[in-house]
Amino acid sequence: MHANKVCKEKYRMKNKKMQLALQMVSGYGAEFSAWRMPGTDPKAYTNTDSYVERAKIAEKGKFQLIFIADSPGLNNDLSKQTPQFPMDPMLALMAVARETKHIGLVATLSTTFNHPYNIARQFKALDVISHGRAGWNAVTTSGQVFAANYGAQLPDRKERYEMAHESIQIVQALWGSWGEDAWTADAEGGQYADMDKIQPVNLTGKYFASRGPLPIPPSEQGQPVIFQAGGGGEGLQLAGSYASGVYANPYDIASARAQRQMIRQSARQFKRSPDDIKMFAGFMFSIGATEEEALERRRKLMDFAIEEIPGRVRYLGAMLGLPLSSDSVDIEQPIPTALLSRAYANPQDPRSPRALELALKGLSIRDILAHGVINYHPVVAGTPEQVANFLEEWFLAGACDGFSVVPDISFDGVADFVHLVVPILQERGLFHEEYEGKTLREHMGVSYQYGTVEK
Ligand SMILES: Cc1cc2nc3c(=O)[nH]c(=O)nc-3n(C[C@H](O)[C@H](O)[C@H](O)COP(=O)(O)O)c2cc1C
């Protein structure tokens, strides 16, 4: 039997379902020019309803969670582009929490630029308010531009990861510092809480210290779910030690599988069950009734960012080992045969094989770019079936436990995915039809945890 078929059988037998996270990108969508597309509110950045509406649609589509990526600061030029991050992810999630009932609420908060007490407090409060739906994406944050907002130098990588370990350990200890059955709230007897069960944590590390306790009781899922994203070997250790969810950005099935296996192995190494860590592969899409329609949508997005084309053409050239320049080639035409015969997939960039494949098919340079070959995640521009086929292939090959899907344009991309792709996935038995429970831990099928102890 073909290896892929073996995997298919294995997964079908286990009746596993993929999980879906909706990644929200400052209200507009993955593409920087999404804000200019018809239908999009150009000021969606400050319109909290846009988060709420998208989250409600995702909840109708039974998404396990929404995820708001974040870094503390501005790292791009706003003269043509929107900010990459929301005004404040926690406040956006708070608004969403009040308007939804099931969907998980996950945001990034930096371990380098926040005190663990503040992190513990904000996330546990969100978890209690949302009845057990909060998740914290603990990232170290790279970029001096962000450090400068705190009047600081960016600590070196080793230090950032040491800080992250300390931060998470303190956060978890603080979460557990209000004992699970400490809150008696006995109005008749006059005891509000059992103070023997609400105790300081008294932790002192190299970078952070906290006495505690954190005066917040457990939520329905105990405490927030920890996520982790990126970060090479150090990130892997962090994930294996604490995370229940990992955001990853592989470009092909083989490297995704390898990464998932490494994450699972890292969990074993830290005496945790590998099934308690779910890997979400980043995935971008543009949906149309036909592939041509989906591509046209992306061509329009590119037209709104015309000034970026020369740079993108050069970048594509580097991916193919060719000196491409928009001054010397017609981007409406395929790469000239004489050049193309010398093209190869640059091994430095894992996205290169896809670019080469499309170039060899004879697509115009503009259309190769429109397919999103230099996007942060793999892109499918096509029909709902094509999108579903991609997700099915990766999932059944054991490449991931689910996907962090990033719509090109939030305005209609989320609804299209929910109305057109989700039913196909459900019909194929790949995605659940109902929430399994009420909390994010239940949606993800990961263990209950309180304090530093997984149960
Ligand atoms: C899918 C995905 C989402 C990520 N989200 C964030 C984020 O919201 N904020 C952030 O600072 N880093 C995020 N990262 C992690 C960064 O890519 C990077 O690994 C991190 O900033 C740490 O960098 P360092 O390992 O060099 O310290 C994400 C990574 C991936 C793969």
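Here, residue 1 is the first one in the sequence, and each next residue gets the next number. Counting starts at 1 for both ligands and their atoms, in listed order. Source: prediction; values computed, not measured.
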K.L.:
By number and element, which atoms of ligand 1 are closer than 4.0 Å to a non-hydrogen atom of Thr108?
P.N.:
7 (C), 8 (O), 9 (N)

K.L.:
Please identify which atoms of ligand 1 are closer than 4.0 Å to at least one heavy atom of Ala69.
P.N.:
8 (O)

K.L.:
Quick one: does ligand 1 sit under 4.0 Å from the side chain of Tyr376, the backbone, both or neither, non-hydrogen atoms only?
P.N.:
side chain

K.L.:
Distance under 4.0 Å to a non-hydrogen atom of Arg160: what atoms of ligand 1 satisfy this?
P.N.:
24 (P), 26 (O), 27 (O)

K.L.:
Quick one: look up the protein heavy atom nearest atom 19 (O) of ligand 1 and list residue, atom name and how far away it is.
P.N.:
Gly231 N, 3.4 Å

K.L.:
Do me a favour and list the nearest non-hydrogen protein atom to atom 25 (O) of ligand 1 with residue, atom name and distance?
P.N.:
Tyr161 OH, 2.7 Å

K.L.:
Does ligand 1 come near enough to Asn249 that some N or O of the ligand is less than 3.5 Å from an N or O of the residue?
P.N.:
no

K.L.:
Give me the nearest non-hydrogen protein atom to atom 13 (C) of ligand 1 as residue plus atom name, then the distance to 0.1 Å.
P.N.:
Val139 CG1, 4.0 Å

K.L.:
Any nitrogen or oxygen of His377 lying under 3.5 Å from a nitrogen or oxygen in ligand 1? Just yes or no.
P.N.:
no

K.L.:
Going by the atom numbers of ligand 1, which of them fall below 4.0 Å from some non-hydrogen atom of Ser71?
P.N.:
9 (N), 10 (C), 11 (O)

K.L.:
Please enumerate all residues that pass side-chain contact (heavy atoms from CB on, under 4.5 Å) together with Ala55, with sequence neighbours excluded.
P.N.:
Met24, Ile66, Val96, Thr100

K.L.:
May I ask you to say whether Lys158 pairs ionically with Asp156, meaning some side-chain N is under 4.0 Å from a carboxylate O?
P.N.:
no

K.L.:
Is a salt bridge present between Asp367 and Arg299, judged by a nitrogen-to-oxygen distance below 4.0 Å?
P.N.:
yes

K.L.:
Quick test of your reading of the model: are Arg366 and Asp303 salt-bridged, counting only N-O distances below 4.0 Å?
P.N.:
yes

K.L.:
Got a salt bridge between Arg297 and Glu293, using NZ or NE/NH1/NH2 to carboxylate O under 4.0 Å?
P.N.:
no

K.L.:
Tell me which protein heavy atom sits closest to atom 9 (N) of ligand 1, plus the residue, atom name and distance to 0.1 Å.
P.N.:
Asp70 O, 2.7 Å

K.L.:
In the complex you have, is atom 16 (C) of ligand 1 within reach of the protein, judged by whether a heavy-atom distance drops under 4.0 Å?
P.N.:
no

K.L.:
Taking both backbone and side-chain atoms of Tyr247, is any N or O found less than 3.5 Å from an N or O belonging to ligand 1?
P.N.:
no

K.L.:
Salt bridge or not for Lys62 and Glu433, using N-O below 4.0 Å?
P.N.:
no

K.L.:
Considering heavy atoms of the protein only, find what lies nearest to atom 22 (C) of ligand 1 and give residue, atom and distance to 0.1 Å.
P.N.:
Thr140 OG1, 3.1 Å

K.L.:
Assess whether a salt bridge exists between Arg354 and Asp252, defined as any Lys/Arg side-chain N lying under 4.0 Å from an Asp/Glu carboxylate O.
P.N.:
no

K.L.:
Check Glu162 with Lys206, please: is the shortest side-chain N to carboxylate O separation under 4.0 Å?
P.N.:
yes

K.L.:
For atom 3 (C) of ligand 1, what is the nearest protein heavy atom, given as residue, atom name and distance?
P.N.:
Ala229 CB, 3.9 Å

K.L.:
Compute the shortest N/O to N/O distance between Arg157 and ligand 1 and return yes if it is under 3.5 Å, no if not.
P.N.:
yes

K.L.:
For His165 together with Tyr242, are the ring centres under 6.0 Å from each other?
P.N.:
yes

K.L.:
Tell me the nearest of Pro72, Ser110, Ser142, Pro89 to atom 23 (O) of ligand 1, using heavy-atom distances.
P.N.:
Ser142

K.L.:
Which of the numbered atoms in ligand 1 are under 4.0 angstrom from any heavy atom belonging to Gly230?
P.N.:
19 (O)

K.L.:
Using the side-chain contact (heavy atoms from CB on, under 4.5 Å) criterion, which residues pair with Ala44? Sequence neighbours excluded.
P.N.:
Tyr28, Asp41, Ser50

K.L.:
Salt bridge check, Lys438 against Glu220: does any charged N sit closer than 4.0 Å to a carboxylate O?
P.N.:
no

